[in-house]
Protein chains: 2
Amino acid sequence: MPALKITAVRKAMKDEAKRAGAGKPVGRAQTKAQGGVKRSRIQTRNRKLILDAALEVFSAHGFRGSTLDQIATEAGLSKPNIIYYFDGKEEIHVTLLNQLMETWLDPLEQLKPAGEPLDEILAYVRRKLDMAQAYPRESRLFANEILQGAPRMAPHLEARLKPLVDEKAALIQSWIDAGRIAPVEPRHLIFSIWATTQHYADFEAQVNVLMPEGGIFPGAAAYLEMMFRRMLTV
Amino acid sequence: MPALKITAVRKAMKDEAKRAGAGKPVGRAQTKAQGGVKRSRIQTRNRKLILDAALEVFSAHGFRGSTLDQIATEAGLSKPNIIYYFDGKEEIHVTLLNQLMETWLDPLEQLKPAGEPLDEILAYVRRKLDMAQAYPRESRLFANEILQGAPRMAPHLEARLKPLVDEKAALIQSWIDAGRIAPVEPRHLIFSIWATTQHYADFEAQVNVLMPEGGIFPGAAAYLEMMFRRMLTV
DNA sequence: TCGTCAATTTACCAAATGGTAAAAAACGCG
DNA sequence: CGCGTTTTTTACCATTTGGTAAATTGACGA
């Protein structure tokens, strides 16, 4: 029973320290990206090494399926050294997710009112598919998180994704109202773009079984362009 | 070091026993669905309880994110009692996956040469969407497994899914050759049907953030029917 | 109703895992 | 170069977790 108590106390102290913003005497490296967090060359390099390794591991096995040892090995660092740079497994994951969200939003942000509506949307499909091809690990990391109910991402979804989707859905609706594309529910349209493009990254294992010949992306691009073109042409 | 050795020996003995097909003296319940495995009323009931609980837990947290204790609690049984019915966590998971595969294949199996091609395909979309709505846990269990690279399912994918997809892709191609639907790559068509329908189950957490109003499925059904109708109409 | 086999519980264990403490090593600046 | 600071390593620890052994209870047919 004493062991339990000691742990509880230690944990409480740690939480306290966190709340007070008082870092450990050694290793102020883990203070997150708040104000100006001047990072040394070594810190920059190693944080990147760790995040790269974590992306590899988390995207392949999910959060709970990944271990610090795996990440450490992949990064070529020792486990305690990883804890020196990040407060723990969870913080690495959250950092990755936060970074990812911006990258993920980017293609949709580029959907602009200027230009021909159909071309704009098809270009968006294209960007999304390119993204799935270029960053399959990021796509799977994201998919994993959402599949588990977005436990560490719900706030971000609400704060960053929702406003953007609201904005772009309104834009698409305005195109519809102007009779420039066929009438469809904008949000379902967006969902179908996400689903079809990300499928090639997230379900790669299945796709590879069913279409063994390498290079599915050219065919996918042609198929999706045709699909959305036909659907949206007035 | 001796501890390690003992474990190794114990493990080896267990593997041996498995290979030889010699079950434990007590509990022949875990012999899998081979020949006639007459199961008592209690066995039938408890295996079902366990599989139901495991579906709930595995679909929510993934394989590695789930614990036997969670499954036991959910099933209302004790952990050792669970091990009495299944050889271990892995066997529960595999059993679930195998069962699931049949259910999952069913809607595609119903795609038949008779009838109007467009109606056949739209009915397939409908069945898939109904399935996502009625069995979201199954959909997520499957998605989880594929996301992780299908480690426990690759053989099944190859043996059951691939032949079926080959067959139905050929059927769709024959419809195209006969000029009865618009020409599209049959496999990409199938992928897009899977992706768009399962999206509503697998990414439910995200969908719920972006479309707070309950009952997205009616809208999804209308949208998807329109989408595939427009794409496939000659 | 009684004995036997099936089912369940109790009490464990070893390994894996996230994390820590403290000493050693490397860095870099005056 | 010398010395304080940062970074890394070594040696641990507590908890969690999958799984087991053995004793106990329960079901059910002769």
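Keep in mind that what you see is a predicted model, and the values were worked out from it rather than measured. Labels below follow one simple rule: chain letters A, B, ... track the order of the sequence lines, proteins then strands, and each chain is numbered from 1.
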(request) Return the value, rounded to whole Å, for the distance between atom CD1 of A:I83 and atom P of D:dT9. (result)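 Atom-to-atom, A:I83 to D:dT9, this comes out as 14 Å.
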(message) Does C:dT8 have OP1 or OP2 under 4.0 Å away from a side-chain N or O of B:N46?
(response) yes
(request) Could you tell me whether the phosphate oxygens of C:dA6, OP1 or OP2, come under 4.0 Å of any side-chain nitrogen or oxygen in B:Q43? (result)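 No, no such contact exists.
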(request) Please tell me if the side chains of B:F191 and A:L210 come closer than 4.5 Å, counting only heavy atoms from C-beta onward. (result) yes
(request) Before giving the answer on salt bridge (Lys or Arg N to Asp or Glu O under 4.0 Å), spell out for B:K79 and B:D69 the whole-Å C-alpha distance, their side-chain angles and the decisive distance to 0.1 Å. (result) CA-CA 6 Å; B:K79 186 167 64 171; B:D69 278 311; 3.7 Å; yes
(message) I need the CD1-P distance between B:I82 and C:dA7, as an integer number of Å.
(response)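 Atom-to-atom, B:I82 to C:dA7, this comes out as 15 Å.
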(message) The criterion is side-chain contact (heavy atoms from CB on, under 4.5 Å); which residues satisfy it with B:Q148, sequence neighbours excluded?
(response) A:H61, A:N144, B:N144, B:P151
(message) Whole angstroms only, please: what is the CD1-C1' distance between A:I42 and D:dT8?
(response)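 Between C1' of D:dT8 and CD1 of A:I42: 10 Å.
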(message) So, does A:R41 get its side chain near the phosphate of D:dT6, meaning an N or O under 4.0 Å from OP1 or OP2?
(response) no
(message) Quiz question: going by heavy-atom distance under 3.5 Å, is there a donor-acceptor pair between the base of C:dG19 and the side chain of A:K89?
(response)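 Flag unset: no donor-acceptor pair detected.
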(request) Could you state the atom-to-atom distance from CG of B:D87 to P of D:dG19 in whole Å? (result)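 Going from CG in B:D87 over to P in D:dG19 covers 9 Å.
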(request) For DNA chain C, determine which residues of residues 64-78 of chain B have any heavy atom closer than 4.0 angstrom to one of its atoms, and list them numerically. (result) B:R64, B:S78
(message) Just the rounded figure in Å: distance from P of C:dG18 to CZ of A:F86.
(response)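 Distance check: A:F86 CZ to C:dG18 P gives 16 Å.
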(request) Whole angstrom is fine here: how far is it from CD1 in A:I50 over to C1' in D:dT7? (result)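 To the nearest whole Å, that distance equals 12 Å.
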(request) Give the minimum heavy-atom separation between B:M153 and B:E145, together with the two atoms involved. (result)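 Heavy-atom minimum between the residues: N-OE2, 3.2 Å.
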(message) Please tell me if A:N81 has a side-chain N or O lying less than 4.0 Å from either OP1 or OP2 of D:dT10.
(response) no
(request) Taking the six-membered ring for Trp and the full ring for Phe, Tyr or His, determine whether the centres of A:H188 and B:Y200 are under 6.0 Å apart. (result)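 Aromatic pair counts; centres sit under 6.0 Å.
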(message) I need the CZ-P distance between B:R47 and C:dA6, as an integer number of Å.
(response)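 Roughly 16 Å, once rounded to whole Å.
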(request) Measure from NZ on B:K79 to C1' on C:dC12 and round the result to the nearest Å. (result)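 Distance, rounded to whole Å: 10 Å.
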(message) If the cut-off is 4.0 Å, is B:Y84 near the phosphate of C:dA7, judged by side-chain N/O to OP1 or OP2?
(response) yes
(request) Find out whether A:R64 and A:F58 are in side-chain contact, i.e. whether some heavy atom of one side chain is under 4.5 Å from a heavy atom of the other. (result) no
(request) State whether B:Y85 places a side-chain N or O below 4.0 Å from either non-bridging phosphate oxygen (OP1 or OP2) of C:dT8. (result) yes
(message) Going by the rule side-chain contact (heavy atoms from CB on, under 4.5 Å), which residues pair with A:V209 if we only count those two or more places apart in sequence or in a different chain?
(response)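 With sequence neighbours excluded, A:V209 shows a side-chain contact (heavy atoms from CB on, under 4.5 Å) to B:L157, B:E158, B:K162, given in chain and number order.
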